[in-house]
Every structure is written in C-alpha cells, then in structure tokens.
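The structure appears right after this line, and notes come after that.
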Amino acid sequence: MATRIHPTAVISPLAAIGCDVEIGPFCVVEEDTQIGDGCRLEARVTIKKGTVLGDNNWICEGAVLGGIPQHVHIPERPGKVIIGSGNVIRENVTIHRALDEEDATLVGDNNLLMVNVHIAHDCRIGNNTIFANNVMLAGHVTVGDRAYVSGAVAVHQFCRIGSFAMVGGQAHINKDVPPYVTVDGLSSYVVGLNQIGLRRAGFSTEAIEELKRAYRVIYRSGLLWNDVLEQLRINFSTGPAALFYQFLATTTRGIIPERRTPTGATLKLHKADDQADEDDGYRRVRVTG
C-alpha cells in the first residue's frame with residue numbers, strides 16, 4: 001500500500017520513508033531519519049535527526065524520538081536513536097540520542113512503552129519489555145529482554161535490570177536488578193523470584209526450581225560475594241540459571257538487596273497499656289533467623 005502523509009505534516013526531503021507508512025497531522029520528521037515499512041505515526045509525533053525506526057512501529061501522539069541528550073555538556077555531534085520493529089510507543093514518550101556520535105540509544109523489538117516514559121541517552125532496551133506510565137531511565141541504563149518496569153519507577157544512571165525481572169511501581173533503582181527477580185515498589189528491595197512472569201513466559205517447574213536454588217545462594221546463603229559467584233559458576237553453569245552468574249559477575253554497582261530483616265536485629269512490638277514498661281511502652285524481640 002502507498003504511504004499516507006497528512007497535509008499538515010512537515011517531512012524533510014532527506015528523510016527515508018518506507019512503504020505503507022502513515023504519518024498523521026502536525027507530525028515533524030527531520031532530515032537524516034529512517035522510518036521503516038508499516039510504521040504508523042499519530043498526530044504531533046516528532047522524529048528528530050539521527051533516529052532510525054524499524055518496521056511496523058506504532059508511535060502515538062506527542063512522542064518525541066531522537067531528542068538531544070540532557071547533559072551538562074551537550075555534544076555538538078550526538079549519536080543516534082535506533083529502534084527495532086513492532087514496538088508500541090504511547091503518548092508523550094521521549095527517547096534521547098547517545099552522547100557520542102559513534103554510539104546509539106537502542107530499543108529492540110516488540111516493546112510496549114506506555115505514556116510519558118523517558119529513555120535517556122545511551123540506554124539499551126532489549127526485546128518484549130513493558131514500561132508502564134512515567135518510567136524514567138537515566139543515561140546508560142540497560143534493561144534485559146521481557147523485563148517489566150511498573151509505573152513511576154526511576155532508574156539511576158548506569159544501572160541494569162536483568163531479563164524477566166519485575167520492578168514494582170515507584171521503586172527507586174540505584175543498583176543492578178538481577179534477572180528473574182521481583183523488586184517491591186514500596187521498599188525498592190528484592191522480594192523473591194518473578195514467578196508469575198516466569199510461568200507466563202513458559203518456564204517449566206523444573207527450571208523455576210533451579211532458579212530458586214540459585215536465588216538462595218545469592219541472597220540467603222550468607223556467603224561472601226566472591227564465594228557466591230564461585231557457587232553460581234560451578235553449580236549453575238547451564239540452563240536459565242546460568243544467567244545469574246553472567247549478570248552478577250559483570251556488575252559494577254552491586255545488586256539490589258533482599259527485603260529481609262537481618263539476623264540479630266531488634267523489633268519493637270507494642271504492648272498493652274497495662275503491660276507497658278516504664279520506658280517507652282514497647283517490648284523488644286531479637287531476631288534469630
């Protein structure tokens with residue numbers, strides 16, 4: 001089918017537009033851009049210089065793809081934004097170009113970016129991810145395949161979110177999130193495996209049990225970090241669990257800790273008025289495990 005361009009759209013003659021593309025009212029497509037076959041741009045979409053879109057992407061109203069990096073030292077010649085195929089990019093999403101002209105901000109295939117998602121310069125997004133409303137990724141963040149990032153999550157620069165991880169709403173991520181785990185939005189701590197996501201992705205019961213065993217080594221064995229890595233390398237070298245070692249062995253920021261009360265901590269439990277101590281009305285219980 002022929003490409004359809006609304007008469008109010010502003011399209012550079014130096015833009016490369018594929019077949020069967022639909023460009024809606026008041027869109028702007030700058031020079032040095034590529035739009036793949038079957039893409040659909042709703043009203044007021046801006047595709048800025050240095051942006052490459054694969055095939056069959058749906059870009060909704062107000063999205064701006066390829067903006068200049070938000071950085072105190074704005075580069076004269078920034079890199080690109082390269083987006084794969086089959087993505088749904090909803091209203092007012094912003095994706096910024098890489099800092100260096102030889103680099104690119106990358107978004108893979110079949111991702112869903114909901115309203116107001118921001119992906120900063122030099123981020124790397126895998127395939128089949130979901131980002132809910134108002135997710136904010138700082139520069140150089142990496143997100144693995146099939147990760148789910150809930151609404152209003154903020155991710156610190158250079159952090160990584162592993163494949164099949166699930167991050168709860170409003171979490172603040174300042175360390176790496178290992179693959180397969182769930183991060184609680186309220187506490188921003190790990191609270192176990194993303195078992196629902198794993199089952200939906202087709203992981204077998206046996207594979208999930210193996211992931212549980214590896215998870216216990218990471219978070220509940222009490223081993224030193226290098227010993228954890230060694231146990232993962234030796235005992236979980238094949239199958240999905242092997243990704244734990246690959247991920248943890250390359251972390252530079254450390255990983256999000258688990259939300260558990262440390263052994264030896266003291267909890268304050270409120271006592272009835274007639275049993276209250278003279279000090280503050282609380283009795284204290286020591287946690288032993």
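These numbers come from a predicted model, not from an experiment.
At most 12 heavy atoms of other shown residues, nucleotides or ligands fall within 6.0 angstrom of atom CZ in R200. Within a 6.0 Å radius of CG in L186, no more than 12 heavy atoms belonging to other residues, nucleotides or ligands are found.
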Legend entry - side-chain contact (heavy atoms from CB on, under 4.5 Å) between V143 and C123, worked out: CA-CA 8 Å; V143 180; C123 286; over 6 Å; no

Inset, instruction - Begin from the C-alpha positions of F26 and H6 and carry the test side-chain contact (heavy atoms from CB on, under 4.5 Å) through to its verdict. - result: CA-CA 8 Å; F26 305 106; H6 194 276; 5.8 Å; no

Legend entry - Residue pair D20, D37: steps toward the side-chain contact (heavy atoms from CB on, under 4.5 Å) verdict: CA-CA 6 Å; D20 193 25; D37 296 345; 5.8 Å; no

Inset, instruction - Take V167 and V155 through the side-chain contact (heavy atoms from CB on, under 4.5 Å) test and state the conclusion after the steps. - result: CA-CA 10 Å; V167 181; V155 185; over 6 Å; no

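When each of K175, H172, Q170 is paired with S188, the side chain to side chain donor-acceptor pair (under 3.5 Å) condition holds for H172 and for no other. Here the options are T251, T142, I256, I161, the test is side chain to side chain contact (heavy atoms under 4.5 Å, CB included), and the partner is D176; only T251 passes.
With salt bridges taken as basic N to acidic carboxylate O contacts below 4.0 Å, one links K48 and E30. Salt-bridge formation is not detected for the pair R77/D100: no Lys NZ or Arg NE/NH1/NH2 atom is positioned less than 4.0 Å from an Asp or Glu carboxylate oxygen.
A distance-only check finds a donor-acceptor pair linking the side chain of N111 to the backbone of T129 [under 3.5 Å]. In this structure, the side chain of R44 does not engage the main chain of G24 through any donor-acceptor pair within 3.5 Å. No donor-acceptor pair closer than 3.5 Å links the side chain of T33 to the backbone N or O of I47. At least one donor-acceptor pair under 3.5 Å links the side chain of N127 to the backbone N or O of D109. The backbone N or O of I208 sits nowhere less than 3.5 Å from a side-chain atom of R199 that would complete a donor-acceptor pair.
Side chain to side chain, N57 and N87 meet the donor-acceptor criterion of an N or O pair below 3.5 Å. There is no side-chain donor-acceptor pair under 3.5 Å between S163 and D145.
Residues passing the side-chain hydrogen bond (donor to acceptor under 3.5 Å, both in side chains) test with N128: none are found, sequence neighbours excluded. R220 is linked by a salt bridge (charged side-chain N to carboxylate O under 4.0 Å, His left out) to E258, counting only residues two or more places apart in sequence or in another chain. By the ring pair (Phe, Tyr, Trp, His ring centres under 6.0 Å) test, Y215 is found to be paired with Y219, residues two or more places apart in sequence or in another chain being considered. In this structure, the side chain to side chain contact (heavy atoms under 4.5 Å, CB included) partners of H71, at least two apart in sequence or on a different chain, are H73, L99, H121. Partners of F158 under the ring pair (Phe, Tyr, Trp, His ring centres under 6.0 Å) rule, at least two apart in sequence or in another chain, are H140.
For the atom pair OG (S150) and CG (N134), the distance works out to 12.0 Å, reported to the nearest 0.5 Å. Here OH of Y148 is found 10.5 Å from CG of N194. Values are rounded to the nearest 0.5 Å. In this structure, NE2 in H96 is found 9.5 Å from CG in L65, a value given to the nearest 0.5 Å. Annotation: the span from D55 atom CG to C39 atom SG amounts to 6.5 Å, rounded to 0.5 Å. With rounding to the nearest 0.5 angstrom, the CG atom of D122 is 12.5 Å from the CG atom of L137.
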If you look only at distance, which donor and acceptor atoms sit under 3.5 Å apart when one is on a side chain in residues 241-250 and the other is two or more places apart or in another chain?
| unit_1 | atom_1 | unit_2 | atom_2 | d |
| --- | --- | --- | --- | --- |
| T250 | OG1 | R160 | NH1 | 3.0 |
| T250 | OG1 | Q246 | O | 3.0 |
| T250 | OG1 | F247 | O | 3.0 |

